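First the proteins, then the strands, lettered A, B, ... as listed; each starts at 1. Bear in mind that the values here come from a model prediction, so they are computed numbers and not experimental data.
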Number of protein chains: 2
Amino acid sequence: MSVKPRMADVAKLAGVSVATVSLVLNNTGRRISDRTQQRVWQAAHELGYIRDATARTLRMGKSHSIGFISSEVTLTRFASDMLQGILEAADERDHAVMIMETGESDAAINDAVRALRGRQVDAILIGVMASRDLQLDPPTAGLPCVVLNSTAAGYRAFLPQEFEAGRAAVRALTQRGHQRIGFVGRQRLDNLYRGSVNIGARMQGIDAQLAAENLHFAHEVESLEWEPEVGYEGTLEVLHAAPETTAVLAANDRIAFGVYQAAAELGLKIPTDLSVMSFDDEELAALMRPGLSTLRLPYYEMGRLGVAAVLDEVPSMDAAATSLGAESAPQTAGAQTTGEQTTPATQTTAPTQTTAQQILQLPLSPVWRESIASRDSK
Amino acid sequence: MSVKPRMADVAKLAGVSVATVSLVLNNTGRRISDRTQQRVWQAAHELGYIRDATARTLRMGKSHSIGFISSEVTLTRFASDMLQGILEAADERDHAVMIMETGESDAAINDAVRALRGRQVDAILIGVMASRDLQLDPPTAGLPCVVLNSTAAGYRAFLPQEFEAGRAAVRALTQRGHQRIGFVGRQRLDNLYRGSVNIGARMQGIDAQLAAENLHFAHEVESLEWEPEVGYEGTLEVLHAAPETTAVLAANDRIAFGVYQAAAELGLKIPTDLSVMSFDDEELAALMRPGLSTLRLPYYEMGRLGVAAVLDEVPSMDAAATSLGAESAPQTAGAQTTGEQTTPATQTTAPTQTTAQQILQLPLSPVWRESIASRDSK
DNA sequence: CTGTTAGCGCTTTCAA
DNA sequence: TTGAAAGCGCTAACAG
């Protein structure tokens, strides 16, 4: 057979009707004699029959596929974890995923949604690298849709719990006795890199914990760009301005990488001479010498949970996620200092459902490597 | 309108037949009066009509979508370049891409192909991270299919031109006067990591160039795993065994990263005390201090060209690619030493179409950073 | 220039 | 337990 076999071909070969073939191949509740079933399967197998999902979709109104709109996430190596989570979770539910890359334009996202609607996906995930509040057309009724790593009015959203992570990072240092801490990568809330809501929350968490402990950074270096260069120069600056500094908090791993480079050049041993704590857990963090302690962003989890959310249609989230109103994090700021020791970022804030919009926050997981040494608190 | 509008709805609103709507919306050659066209577009717009691609596909037998089967490429950060190339090229041709991750099992790839066939993709790209010779079911007639970064009997394939890259890497060092070169990351051809055809070719290229220049490595360190740890330990070993070594060739960037770490610890300045050349151009390479000179793998290009190959159905490849029989690289080994200075890996070997199977090799691009200093050849 | 109509391959009542 | 037939939304002859 050189041409693609259809169900009719299977039916003919098995000596039954197409209806029967359909019934058998779908294991429908309807009872079909075992003998017939055998014949049908046999025939299908013999012909190498593959059911046309397109026709099935047309008829059933469900495609068993979901759309993933990536706003620069495929471009960003360490966020490919999100894609991985999506692919895995979708596969477990027998759904295919159609992927579309849009760049950072909100208009392009709207276009992609339309394109995907036309292709009859059953649900849509919108993953965005540069976290922000998206301006999107209102969601289509009947098409489950969630935003990952950003928010959008009218859309359900998953975000990393950056505020808690900020607190945890500071705690990681202070709990080990560090009092003179430098900070590299400060961003002002009124001038965030690409207006990142995540970075804003991270900064607020850091400040909240500092305030809770009645501390100030020994010196801090402001920067919008978060690259190794900044970490390198920043460390030199910190150590110059506050020589008694025992630890540096890096705003992300790439900065921390620069911190290491500066330390090496100054002949400072990490962690004994200088301890380092960071955010993200890029692949890089594990490669450094010594390994970098950092807080892992839940990209993989956002991917997995996003799929679960749109396909299982759970109205509220399970264990891993804790739902919070968009504005509530800063408000709960000074409230709690119940820092348990080993897994700072894993603790969950009590659900404070204030906003109509449903925003679900996932914790960053602490990854302890060897970049932090304990100090006697003076 | 809460329900999804169909073409019939548009037709009714515009006061014409569905055939007319179809004709208009597809800009078919058939002339339709401007007035009617206006009305149709107007109606479609008013209803927010989106054509059902599923029905269209069923009718036309073309889905305008392609499948991408990823054997661990989405898992590998720096190979996401491949996905990027695919997405871009597909988008330019108005094709959607359906992605499926399989892990490293060939059987899973076969399954994915079947799944994708069922979903009526017009073509399939199989991208594999761990380059090898895949054991796949023969390709389906009428379904263009190419393998990226590996080979498979009966399939067209794109591979990085590792043999030439190996030669270029050695040349990068020798042309700058280095004679005492250490090599970290040697693999034996009879025991390649995951049987990688790419790594094998890389090794052969390195040896070929060495032979052509009548050189031997001052010392070489064997290792199947290519991680920073190996680079670190390996460098210590090289410098111990051959203290007069002026340069290290790293089998990949991760090893080179370890080389840097060892150099830092030994107080050796790169590149003046020790020069380093490497392969891959992972993101890491640009972050190091000083930047690492390396050869960029053409993942992005493989993605783009793969799409072009399956959608444009070009029988032989354009400019960027040069076609070679599978086994021919090693044979042309000693032949040419015409190393032009600035872009060693860009040169192309003359097409030597020997095998029935069409294999297209793409050059690695040299990325010159500051990790290499010139030496007076003694 | 525009409308009628016959399917694309499948699922699913409804009858037998 | 099985088959006949309608129809999912669209395109493309073929008429008019």
Enquirer: Rounded to whole Å, how long is the line connecting atom CD1 of B:Ile32 with atom C1' of D:dA12?
Expert: 13 Å

Enquirer: Tell me the interatomic distance from B:Arg6, atom CZ, to D:dG7, atom P, rounded to whole angstroms.
Expert: 13 Å

Enquirer: I need the CE-C1' distance between B:Met7 and C:dT2, as an integer number of Å.
Expert: 15 Å

Enquirer: Report yes if at least one side-chain N or O of A:Thr36 is closer than 4.0 Å to OP1 or OP2 of D:dT2; otherwise report no.
Expert: yes

Enquirer: In plain terms, say whether B:Asp52 and B:Lys4 are close enough for a salt bridge, that is, a side-chain N and a carboxylate O under 4.0 Å apart.
Expert: no

Enquirer: Of the non-hydrogen atoms in B:Val18 and B:Ala8, which two are nearest, and what is the gap between them?
Expert: CG1-CA, 3.6 Å

Enquirer: If you only use heavy atoms from C-beta on, which nucleotide in C:dG3, C:dG7, C:dC10 is closest to the side chain of B:Ala19?
Expert: C:dG3

Enquirer: As a test of reading the structure: which of D:dT2, C:dT11, D:dA12 is closest to the side chain of B:Arg59, going by heavy atoms?
Expert: D:dA12

Enquirer: Could you give the CE-to-C1' distance, from A:Met60 to C:dT13, as a whole number of Å?
Expert: 15 Å

Enquirer: How many angstroms lie between atom CG of A:Leu159 and atom CD of A:Gln361, to the nearest 0.5 angstrom?
Expert: 6.0 Å

Enquirer: For A:Ser33 and D:dT2, is the shortest distance between a side-chain N/O and OP1 or OP2 below 4.0 Å?
Expert: yes

Enquirer: State whether B:Glu72 and B:Arg194 are salt-bridged, where the test is any N-O pair (Lys NZ or Arg NE/NH1/NH2 against Asp/Glu carboxylate O) under 4.0 Å.
Expert: yes

Enquirer: Looking at the side chain of A:Val18, which of D:dT2, D:dA5, D:dG3 is the nearest nucleotide?
Expert: D:dA5

Enquirer: By nearest nucleotide on DNA chain C, pick out whichever of B:Ser17 and B:Ala55 is the more 5' one.
Expert: B:Ser17

Enquirer: OP1 or OP2 of D:dG3 less than 4.0 angstrom from a side-chain nitrogen or oxygen of A:Thr20, does that happen here?
Expert: yes

Enquirer: I need the CD-P distance between A:Gln120 and D:dG9, as an integer number of Å.
Expert: 9 Å

Enquirer: Base, sugar-phosphate, or nothing for A:Leu23, non-hydrogen atoms under 4.0 angstrom?
Expert: base

Enquirer: Checking B:Asn149 against B:Ser131: is there a side-chain donor and acceptor pair closer than 3.5 Å?
Expert: no

Enquirer: Rounded to whole angstroms, how far apart are NZ on B:Lys4 and C1' on D:dC10?
Expert: 14 Å

Enquirer: For B:His64 and D:dT11, give me the distance from atom NE2 to atom C1', rounded to whole Å.
Expert: 12 Å

Enquirer: Taking the nucleotide of DNA chain D with the closest heavy atom to each, which residue, B:Ser22 or A:Leu58, is nearer the 5' end?
Expert: A:Leu58

Enquirer: Check the distance between C:dG9's C1' and B:Lys62's NZ and give it to me in whole angstrom.
Expert: 18 Å

